[in-house]
Amino acid sequence: GNLHTLDSLQEKRYNADVIRYALSAGHYRQALNFTFELLNSAQSALQKIYNYSEQLLASVAMDWKSFQAIYNTATLPEKCSFLGDFFESLCDDLNVPKALGCLFTFINQAKSNKFNPTESLIKEWAACLFALGIPLKEKKVLDVPEAIQELAEKRWLAKKERNFQEADNLRKLLEES
């Protein structure tokens with residue numbers, strides 16, 4: 001097979017969190033088939049977790065610093081009102097794949113049910129992320145020059161209008177900028 005170093009994976013734009021998630025998402029008793037598809041899936045899964053975390057914190061008007069304090073002191077909740085299945089899966093022979101399944105089931109249910117988040121949910125969520133070693137980082141706001149933004153918008157419009165030649169030309173201009 002092919003050998004991939006951490007440096008080579010990072011050169012391909014996979015950060016350490018994505019690589020860690022990909023390696024830990026499988027069950028430790030089974031062989032891991034390490035592929036770029038696995039890394040892409042890990043990247044997508046982490047993005048869903050980050051997006052939900054962002055929505056959850058916004059819904060309770062909590063800033064990242066406050067959540068980070070809860071995350072850093074996270075412990076297994078005595079009573080799990082929301083994510084009990086997640087913790088049960090981890091306690092069942094460290095079944096991380098099943099725990100992740102429970103986590104994403106919860107995210108999907110939370111999005112559709114639109115229930116009011118509570119402090120206990122925030123603590124359970126922080127404990128889940130801590131148990132999986134998923135750090136939350138505040139999003140960095142990039143200062144993109146106006147000229148680049150205009151080119152990107154024109155490219156997006158060209159793609160929407162199915163003018164792919166123009167979109168390709170604009171992409172080349174963006175890459176050069």
Correct closest heavy-atom pair for E166 and A158 would be CG-CB, 4.0 Å
Between P117 and S59, what is the shortest heavy-atom contact and its length? CG-OG, 3.1 Å
Kindly compute the distance separating CG (L6) from OH (Y14), expressed to the nearest 0.5 Å. 14.0 Å
Show, in sequence, the C-alpha distance, side-chain angles and deciding distance for L90 and V96, and conclude whether the side-chain contact (heavy atoms from CB on, under 4.5 Å) test is met. CA-CA 6 Å; L90 281 184; V96 176; 4.0 Å; yes
Compute whether any side-chain donor of one residue and acceptor of the other, for N51 and Q55, lie under 3.5 angstrom apart. no
Go through the steps for L103 and L132 under the test side-chain contact (heavy atoms from CB on, under 4.5 Å), then give the verdict. CA-CA 11 Å; L103 193 70; L132 293 170; 4.0 Å; yes
Within the distance-only criterion (no hydrogens, no angle test), does the side chain of E124 pair as donor or acceptor with the backbone N or O of L83 below 3.5 angstrom? yes
Does a donor on one side chain sit under 3.5 Å from an acceptor on the other, for D92 and S89? no
Rounded to the nearest 0.5 Å, what separation is found between the OG atom of S44 and the CG atom of L39? 12.5 Å
Under 4.5 Å between any side-chain heavy atoms of D7 and Q10, yes or no? yes
Are the side chain of N15 and the backbone of V18 linked by a donor-acceptor contact shorter than 3.5 Å? yes
Are the side chains of I49 and I134 in contact, using a 4.5 Å heavy-atom criterion? yes
What is the minimum heavy-atom distance between P135 and R20, and which atoms define it? CD-NH1, 4.0 Å
Anything under 30° is parallel, anything over 60° is perpendicular, the rest tilted; go ahead and classify Y71 against F67. tilted
Determine whether the aromatic ring centres of residues F36 and H4 are separated by less than 6.0 angstrom. yes
Nearest heavy-atom neighbours spanning L32 and A22: CD1-O, 4.1 Å
Measuring from E88:CD to N95:CG, what's the distance to the nearest 0.5 Å? 12.0 Å
Looking only at non-hydrogen atoms, find the nearest pair between A99 and F86 and report the distance. O-CD1, 3.2 Å
L129 side, atom CG; Y50 side, atom OH - distance, nearest 0.5 Å: 9.0 Å
Side-chain heavy atoms under 4.5 angstrom apart, residues restricted to Ile, Leu, Val, Met, Phe, Trp, Tyr: same cluster for L151 and L157? no
Please walk me through it: do N108 and T105 pass side-chain hydrogen bond (donor to acceptor under 3.5 Å, both in side chains)? CA-CA 5 Å; N108 292 334; T105 297; 5.8 Å; no
K154/E150 ion pair, N-O < 4.0 Å: no
Charged N-O contact under 4.0 Å between D168 and R155: no
Pairwise distance CG(L170) to CD(Q165) - rounded to 0.5 angstrom: 10.5 Å
Heavy-atom side-chain contact between D93 and H27 under 4.5 Å: yes
Please report the shortest heavy-atom distance between T73 and A69, naming the atom on each side. OG1-O, 3.0 Å
Sorted by chain and number, sequence neighbours left out, salt bridge (charged side-chain N to carboxylate O under 4.0 Å, His left out) with E175 holds for R171
Intermediate values then yes/no, side-chain contact (heavy atoms from CB on, under 4.5 Å), F164 and N169: CA-CA 9 Å; F164 299 115; N169 293 338; over 6 Å; no
Taking atom NZ of K123 and atom OG of S81, what is their separation to the nearest 0.5 Å? 12.0 Å
Would you kindly confirm whether L94 and L23 end up in one hydrophobic cluster when ILVMFWY residues are joined by side chain heavy atoms under 4.5 Å apart? yes
Worked check of side-chain contact (heavy atoms from CB on, under 4.5 Å) between Y21 and L100: CA-CA 10 Å; Y21 183 96; L100 288 170; 3.5 Å; yes
Transitive ILVMFWY side-chain link W156 to L173, under 4.5 Å: no
Apply the test salt bridge (charged side-chain N to carboxylate O under 4.0 Å, His left out) to residues D85 and K98: give CA-CA distance (whole Å), side-chain angles for both, the deciding distance (0.1 Å), then the verdict. CA-CA 9 Å; D85 291 344; K98 184 176 178 186; over 6 Å; no
Which word best sums up how the rings of W125 and F106 line up, parallel for under 30°, tilted for 30 to 60°, or perpendicular for over 60°? tilted
